[in-house]
Amino acid sequence: MEIIAAFAVGLIALCLIGKIISLPMKILWKMITNSLMGAVMLWAVNLFGAGVDITFIKALIAGVLGVPGVIIVLLMN
């Protein structure tokens, strides 16, 4: 009986550890995809002649915020 209880506690602990580790990975994955989409959108806007100067601050805004960041950069221009 003690073995079954120890196994159950270990399984629950393993599930909790997996949940704790997966949450930051989801946030990191979302930040990476937002950054890529923001960079592609900023490049596409410049490709079609919007004339946005790509500076470090504007690239940072577009990368962190994604598509809404590109819209903010366009409104700032």
Side-chain angles (χ1 to χ4, degrees):
M1 188 68 172
E2 292 175 6
I3 293 174
I4 295 173
F7 181 73
V9 169
L11 189 60
I12 291 171
L14 188 61
C15 288
L16 288 174
I17 290 171
K19 188 72 165 175
I20 290 170
I21 291 173
S22 71
L23 183 63
M25 292 302 286
K26 287 180 184 178
I27 293 171
L28 179 66
W29 184 250
K30 186 173 181 174
M31 289 293 287
I32 289 171
T33 55
N34 273 351
S35 296
L36 288 175
M37 286 302 296
V40 168
M41 291 295 293
L42 196 58
W43 175 76
V45 165
N46 269 340
L47 186 66
F48 290 114
V52 176
D53 294 330
I54 301 175
T55 62
F56 178 73
I57 299 296
K58 290 179 183 178
L60 187 65
I61 291 170
V64 170
L65 297 177
V67 176
V70 173
I71 294 170
I72 291 171
V73 168
L74 286 174
L75 292 175
M76 286 181 2
N77 194 17

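Worth knowing before you read on, the calculation uses all heavy atoms, side chains too, and leaves out hydrogens, waters and symmetry mates.
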Running the 4.5 Å side-chain criterion over Ile, Leu, Val, Met, Phe, Trp and Tyr, what cluster does [X] land in, apart from itself?
{"X": "Ile12", "result": "Leu16"}
{"X": "Ile21", "result": "Ile17"}
{"X": "Leu47", "result": "Trp43"}

Got a sec, which residues hit side chain to side chain contact (heavy atoms under 4.5 Å, CB included) with Asn77, two or more places apart in sequence or on another chain?
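Result, side chain to side chain contact (heavy atoms under 4.5 Å, CB included) vs Asn77: Val52.
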
From the options Leu74, Val73, Ile71, Val70, select the one residue that forms a side chain to side chain contact (heavy atoms under 4.5 Å, CB included) with Met41.
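Looking at Leu74, Val73, Ile71, Val70, the match for Met41 under the side chain to side chain contact (heavy atoms under 4.5 Å, CB included) is Val70.
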
Check residues 61-68 and write down every donor-acceptor pair under 3.5 Å in which the side-chain atom is one partner and the other belongs to a residue at least two apart or another chain.
none

